[in-house]
Amino acid sequence: MAKLQNGNELIFRVAIAVPVYRLFDYLAPEQFESAHIKPGIRLEVPFGKAKKIAFLVECVQHSDVAIGKLKRVERILDEKPLLSTKDLALLHWASRYYHHPLGEVFSAAFPVALRQGKSVVIQAEKRYALTDAGKAIDSELLKRTPKQKSVLEKFQAHQHSLSEAELSEWNENWRTSVKQLVDRQLLQLAASSEFGASASESIIRNTALQCNPQQQAAITAVCDSLGQFGVFLLEGVTGSGKTEVYMQIIRTVLERGQQVLVLLPEITLTPQLEERFRQRFTVSIAISHSKLTDRQRACAWLTMQRGECSILLGTRSALFTPLKNPGLIILDEEHDASFKQQEGFRFSARDVAVVRGKLLNIPVLLGSATPALESLHNVDNKRYRLLHLPERAGDATAPVLQLLDIRNKRMQEGLSEALVAEIHKTLARNEQVLLFLNRRGFAPTLICHGCGWVARCGRCDANLVIHYDEGILRCHHCGQEQRLIKHCPACKTGELTPLGLGTERVEKVLAELFAGKTIVRLDRDSTQRKGALENYLQQINQGSVDIILGTQMLAKGHHFPNVTLVAILDVDSGLFSIDFHAPEKLAQMIVQVSGRAGRAEKPGRVIMQTRQPEHPLLTTLIRQGYNSFAKTALAERKDASLPPFSYQALLRAQALDAEMPKLFLHAVAELAREYTKGHTDILGPVAAPMARRAGLYRYQLLFQSGKRPELHALLNVLMPKIEKLKQAKKVRWSLDVDPVDLY
DNA sequence: AGCACGCCGACT
DNA sequence: GTCGGCGTGCTC
């Protein structure tokens with residue numbers, strides 16, 4: 001029934017993943033079942049020369065486009081929408097809030113396979129489990145078939161089934177051995193879904209740990225609020241037992257027959273948590289992050305959508321996964337900047353999670369040892385409820401933080417004599433040392449001792465970083481590389497000298513100073529190889545490593561129980577950034593790195609080398625802790641009318657031409673001034689902190705208002721006009737609502 | 001984002 | 001005389 005009663009054709013208004021702030025109208029397909037026509041269904045439509053997948057937004061009777069120009073929907077792909085009405089409302093909200101085209105927002109919510117129009121019938125990946133015979137057998141009996149023996153041991157070490165993906169992650173060549181073990185009836189194909197454990201069957205596998213009163217209070221607070229919206233900020237230092245709190249709350253949610261979405265900032269953190277969850281819960285757990293194949297992600301998405309799986313563990317992009325029976329959203333390490341998407345649809349997974357929780361009427365649990373200032377502010381204004389875990393669980397004591405004044409001290413490649421002595425003492429006690437330096441490579445600068453020439457990137461406003469191991473100079477911003485040169489290209493005579501410190505360089509001096517000790521360097525360069533990080537972590541935890549040296553990567557999640565001394569080699573570099581977020585990020589980094597030490601019975605110490613021993617950020621943090629720092633920092637933000645006491649949106653523009661981005665933003669600023677009525681400040685345009693990157697010149701324009709509605713009202717009128725601006729066609733531009741870094 | 005249309009340089 | 005460079009504009 002394509003015709004309406006009045007003789008007009010029914011119009012399908014759809015969203016398509018193109019960077020255009022507009023929906024498209026189509027004629028209804030030749031034939032369709034009107035009962036199936038619900039917002040959110042996927043359609044195949046002709047678009048320009050190509051066919052595209054579109055998402056139905058609404059059906060209307062009239063189109064502003066001449067009827068003759070309308071094309072017809074080619075095919076209806078779904079019998080019913082894959083997203084609930086509430087999740088569709090969430091996407092509409094996100095599109096409006098982030099001023100991003102609805103089609104692209106829809107696209108972000110779907111896994112690639114479904115975005116491309118694939119059918120929802122996707123083969124789930126196989127899982128294998130031990131048979132009773134497999135559980136009972138002594139693996140030594142298989143010593144003549146070592147490959148099968150090791151596979152068997154892998155299964156026996158876990159109490160649960162393993163998926164094809166997990167096996168591949170462990171060892172690429174598992175298939176033959178698994179097949180042989182299946183033939184010997186030691187392994188079997190696990191039930192396609194472990195979910196649906198009948199009520200009589202237990203959801204949990206092993207018993208929960210004993211909780212302290214604060215943990216218990218947190219568990220009770222969230223559990224009492226199940227079935228209604230509320231945001232909880234679970235603040236607990238490393239080792240305070242946040243994960244145990246999560247697991248006990250999850251158990252209650254599962255017992256209610258509901259699902260849980262757990263978001264983490266990084267892929268590297270998923271295996272640990274997955275393992276703990278699998279040890280605890282019998283229900284099936286889906287995983288979703290960018291290192292998985294499209295099929296695996298689509299599979300995780302669909303099993304959650306159908307309610308065949310109870311827990312989803314994923315990164316930022318898993319936020320939009322539909323839940324048949326939503327019960328709870330957990331977002332761990334909520335302060336982490338990785339939750340903010342930094343390109344395209346620039347959403348904050350934390351903020352969208354809160355809105356989703358509100359729409360679904362379920363609680364949202366945010367966890368961190370170092371909550372974002374914004375979240376603490378939301379506690380102050382009663383939007384979030386604080387759940388505090390002040391103590392370290394068990395007997396572990398908190399590490400002692402101290403500043404090491406290195407002014408006028410003799411330094412050897414960034415290491416003061418005092419620090420070297422401390423490292424020696426620690427190693428003598430057979431304990432591990434962890435050194436943190438947030439700069440990879442050998443040295444950040446190559447300078448000519450003769451004429452002052454510096455190796456610069458030809459495409460960015462940045463110096464090339466020396467990577468001695470690879471014999472190259474590399475730009476850390478655009479990735480461009482060139483061979484490491486020996487002679488100055490400018491004066492031809494001068495000697496080229498590395499200036500500054502990177503992890504490679506510190507590693508080299510450590511090898512000299514602590515000859516005979518095992519040193520492991522953990523940074524993006526040393527862990528590029530698949531499985532390299534896991535390998536190193538295993539070595540470290542087995543105690544075969546004495547000194548661990550690394551970047552950022554060390555600050556997140558991994559625990560090093562035998563580390564008793566942590567040193568932050570260069571804390572000062574974080575003190576002088578132009579970005580107002582820098583002190584917050586630095587304080588979080590210090591506390592997070594500190595959390596790596598002193599977990600077991602051995603107390604930990606944290607030494608920070610500084611030339612600013614009186615710096616208020618450092619002294620407040622050390623003497624009074626993160627919360628006092630946060631109070632001070634929030635007070636400063638308030639005085640300066642910075643977020644969270646004001647609201648920002650940053651318009652960025654870049655182009656090959658040096659002038660166009662500035663001209664474009666000037667035109668926008670001029671337009672904006674016509675509409676703002678003084679409620680919103682228009683700051684700039686100014687050159688971006690890195691004015692040129694990957695060959696493109698970059699400018700930015702900041703909008704800031706004390707009232708969010710004012711800011712959004714301005715952006716609402718501005719965006720369509722920006723799109724039509726003639727200068728807009730000569731630059732690449734993007735809007736970033738609530739920017740977290742001003743680069 | 002794709003993809004075609006369109007007006008200026010080195011090739012059979 | 002054409003092939004093709006990527007600037008510009010459109011997609012219901």
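The analysis underlying the following values was restricted to heavy atoms, covering all of them including side chains, and did not include hydrogens, waters or symmetry mates. Note that this is a predicted model, so its numbers are computed, not measured. Just so we're on the same page: letters track the sequence lines, and every chain starts at 1.
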Atom [atom1] of [X] and atom [atom2] of [N]: how far apart are they, to the nearest Å?
{"X": "A:Lys51", "N": "B:dA1", "atom1": "NZ", "atom2": "P", "answer": "23 Å"}
{"X": "A:Glu343", "N": "B:dA1", "atom1": "CD", "atom2": "C1'", "answer": "14 Å"}
{"X": "A:Leu70", "N": "C:dC12", "atom1": "CG", "atom2": "C1'", "answer": "6 Å"}
{"X": "A:Arg732", "N": "C:dT8", "atom1": "CZ", "atom2": "P", "answer": "16 Å"}
{"X": "A:Lys730", "N": "C:dG9", "atom1": "NZ", "atom2": "C1'", "answer": "13 Å"}
{"X": "A:Tyr21", "N": "B:dA1", "atom1": "OH", "atom2": "C1'", "answer": "13 Å"}
{"X": "A:Lys49", "N": "C:dC10", "atom1": "NZ", "atom2": "P", "answer": "18 Å"}
{"X": "A:Ile16", "N": "B:dG2", "atom1": "CD1", "atom2": "C1'", "answer": "12 Å"}

* Quick one: does A:Ser95's side chain have a donor or acceptor within less than 3.5 Å of a partner on A:His100's backbone? ->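 Looks like yes, one N/O pair under 3.5 Å.
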
* Asked: Counting N and O atoms only, with roles assigned by atom type, does the side chain of A:Tyr98 sit under 3.5 Å from a partner on the main chain of A:Ser348, one being a donor and the other an acceptor?
  ->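 Such a contact is found between A:Tyr98 side chain and A:Ser348 backbone.
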
Indicate, with a heavy-atom threshold strictly under 4.0 Å, whether [X] touches base, sugar-phosphate, or nothing.
{"X": "A:Tyr26", "result": "sugar-phosphate"}
{"X": "A:Arg22", "result": "base"}
{"X": "A:Val14", "result": "nothing"}

* Asked: So, is the end of the A:Arg316 side chain (NZ or CZ) under 6.0 Å from the ring centre of A:Phe339 and within 45° of the ring's axis?
  ->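 So A:Arg316 doesn't make the cation-pi contact.
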
* Is the distance from OP1 or OP2 of C:dT11 to the nearest side-chain N or O of A:Lys69 less than 4.0 Å? ->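 Yes, A:Lys69 has a side-chain N/O under 4.0 Å of OP1/OP2 on C:dT11.
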
* Asked: Is the shortest side-chain N/O distance from A:Lys729 to OP1 or OP2 of C:dT8 below 4.0 Å?
  ->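 For C:dT8, OP1/OP2 do not have a side-chain N/O of A:Lys729 under 4.0 Å.
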
* Out of B:dC3, C:dT11, C:dC12, which has the shortest distance to the side chain of A:Ala50? ->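 Ranking B:dC3, C:dT11, C:dC12 by closest atom to the A:Ala50 side chain puts B:dC3 first.
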
* Give the minimum heavy-atom separation between A:Trp301 and A:Ala109, together with the two atoms involved. =>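 Distance-wise, the nearest heavy atoms are NE1-O, 3.0 Å.
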
* To do: Grab the two heavy atoms, one from A:Gly684 and one from A:Arg673, that are nearest each other, plus how far apart they are.
  =>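 Looking at all heavy atoms of both residues, the shortest contact is O-NH2, 4.2 Å.
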
